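A quick write-up on the structure given underneath.
Sequential numbering from 1 along the given sequence is applied to the chain's residues. Note that this is a predicted model, so its numbers are computed, not measured.
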Amino acid sequence: MSRRERRRLETYDEIVEVSRALLRQGDTLSLRAVATRMGMTAPALYRYIDSVDQLHALVARDICTGVVATMEKARDRYPCDDPAARLAASATVLRCWALANRSEFQMAFANPRLADASCLRRKVLGLLHGVDDDVPTNPFAASGVDDDDPPNPFATYFARLFIELHSRGLIAVPTPGDLDPGLHALIQQSASKSDDPFVAALGADGLGTLWLFKLAWARLCGVLMVEVIGQVEAELISSDAVFNTLMRETFASLGLVDSWDRLVGVSRDTALRAGTPRAASY
């Protein structure tokens, strides 16, 4: 790695670090604000970032990477042969992080351009592997997402846990006959649009698990969003009432309702270790 390449990568890292500091302070994230904090002019920053949308996507990608690492740490407190506990711990620590980092959560969780940030990251790393300066300045021209760099890291992370539950025979998988014919057709259509991880890992048997995952993902996304933006009372957040009810519904849909007493204990222990005040002010 040349000195110039190292400096360029360090500048990208600083851009992300400064941007996240601005978010945590409640400041508006703009190219001008980042440039000022870094002691640069806004035009100078355009040598690295083409637009504020690109800045947001780059920061969102970095946030996702850190949160996934946090979930993995909570998950790995439980053995691989207990994917239900690993799922409960992961969902709980994601919620604790979201409530403690509301601005970063909103930046990362609902950002539609995470795949674009993957392209930017690859372009930067490409400079470290002999790519010359003729590479287009707009990294969004790149296409495709590596298997280890998915467009939605959160969804992909939880999808892998569902696949593990299925592979161990722990899910009561609905058959096509259990589903409304129109719904089954929609699931098949959804799975055929891309290399869906469920179909790739489980074949046709993965369609039922894919549907259970979509329901669980909708529950988790929904409760996180309404709690983070303050659409439910603080008492309901601090008591875990809404979160626990929806989590119980998820495990019941998987055929694991008899494990709920144990899993809610996993969730409670995970939250205590996270040390996060879940009813933080809005």
Side-chain angles (χ1 to χ4, degrees), residues 64-101 105 109 147-148 150 152-175 178 187 191 196-224 227 237 239-276 278:
C64 288
T65 299
V67 176
V68 167
T70 298
M71 289 193 293
E72 289 173 341
K73 184 177 180 180
R75 175 199 68 190
D76 290 346
R77 293 186 67 90
Y78 300 91
C80 293
D81 62 359
D82 192 2
R86 288 157 74 88
L87 174 60
S90 297
T92 301
V93 82
L94 174 61
R95 176 184 181 237
C96 290
W97 171 82
L99 290 172
N101 300 274
F105 167 82
F109 205 80
D147 290 341
D148 61 349
N152 189 329
F154 293 146
T156 300
Y157 174 91
F158 282 102
R160 288 170 179 158
L161 289 174
F162 268 70
I163 290 171
E164 181 64 22
L165 281 163
H166 179 114
S167 299
R168 292 182 178 275
L170 298 176
I171 293 180
V173 182
T175 65
D178 296 327
I187 296 171
D196 187 273
F198 289 94
V199 177
L202 307 174
D205 291 340
L207 291 176
T209 300
L210 171 61
W211 173 239
L212 293 176
F213 168 72
K214 287 183 179 295
L215 291 177
W217 185 238
R219 291 188 197 98
L220 182 58
C221 290
V223 70
L224 291 179
E227 288 188 339
I237 299 175
S239 68
D240 304 327
V242 178
F243 178 74
N244 282 347
T245 297
L246 293 176
M247 285 282 286
R248 190 180 190 280
E249 287 181 5
T250 288
F251 285 108
S253 74
L254 303 180
L256 296 171
V257 68
D258 291 342
S259 299
W260 175 242
D261 287 344
R262 179 177 70 87
L263 295 173
V264 76
V266 168
S267 179
R268 188 179 302 112
D269 291 345
T270 300
L272 289 173
R273 281 192 295 271
T276 304
R278 297 189 294 282

* Sequence neighbours excluded, which residues qualify as side chain to side chain contact (heavy atoms under 4.5 Å, CB included) partners of Val68? -> Met71, Glu72, Pro153, Phe154, Tyr157

* Kindly compute the distance separating CH2 (Trp97) from CZ (Phe105), expressed to the nearest 0.5 Å. => 7.0 Å

* Distance-only, no hydrogens or angles: does the Arg95 side chain make a donor-acceptor pair with backbone N or O of Ala271 under 3.5 Å? -> no

* Only pairs at least two apart or in different chains count here, so list each salt bridge (Lys or Arg N to Asp or Glu O under 4.0 Å) that has a residue in residues 79-94. => Asp76-Arg86, Asp82-Arg262

* Tell me, with the steps shown, if Ser253 and Leu215 meet side-chain contact (heavy atoms from CB on, under 4.5 Å). => CA-CA 9 Å; Ser253 74; Leu215 291 177; 5.7 Å; no

* Asked: When rounded to the nearest 0.5 angstrom, what distance separates CG in Leu224 from CZ in Phe243?
  -> 7.0 Å

* Leu212 CG to His166 NE2 distance, which is reported to the nearest 0.5 Å -> 10.0 Å

* To do: List the atom of Ala85, the atom of Val266, and the distance in Å for their closest heavy-atom pair.
  => O-CG1, 3.6 Å

* Residues in side chain to side chain contact (heavy atoms under 4.5 Å, CB included) with Ala216, at least two apart? -> Phe162, Arg219, Thr250

* To do: Mark yes or no for whether Ser267, through its side chain, and Leu263, through its backbone, hold a donor-acceptor pair below 3.5 Å.
  => no

* side chain to side chain contact (heavy atoms under 4.5 Å, CB included) partners for Leu165, two or more places apart -> Pro83, Ala84, Leu87, Leu170, Ile171, Leu254, Leu256

* Structure fact -> Residue set satisfying side-chain hydrogen bond (donor to acceptor under 3.5 Å, both in side chains) with Ser259, at least two apart, ordered chain then number -> none

* Which residues satisfy the ring pair (Phe, Tyr, Trp, His ring centres under 6.0 Å) test with Phe251, sequence neighbours excluded? -> none

* How far does OG1 of Thr92 sit from CG of Leu220, to the nearest 0.5 angstrom? -> 9.0 Å

* **salt bridge (Lys or Arg N to Asp or Glu O under 4.0 Å) partners for Arg248, two or more places apart** => none

* So do the side chains of Trp260 and Asn244 get within less than 4.5 Å of each other, counting heavy atoms only? -> yes

* Asked: Rounded to the nearest 0.5 Å, how far does CZ of Arg273 lie from SG of Cys96?
  -> 10.5 Å

* Is the shortest side-chain N to carboxylate O distance from Glu164 to Arg160 below 4.0 Å? -> no

* **Residues forming a side chain to side chain contact (heavy atoms under 4.5 Å, CB included) with Ser167, sequence neighbours excluded** => Ile163, Leu202

* side-chain hydrogen bond (donor to acceptor under 3.5 Å, both in side chains) with Arg77: which residues, sequence neighbours excluded? -> none

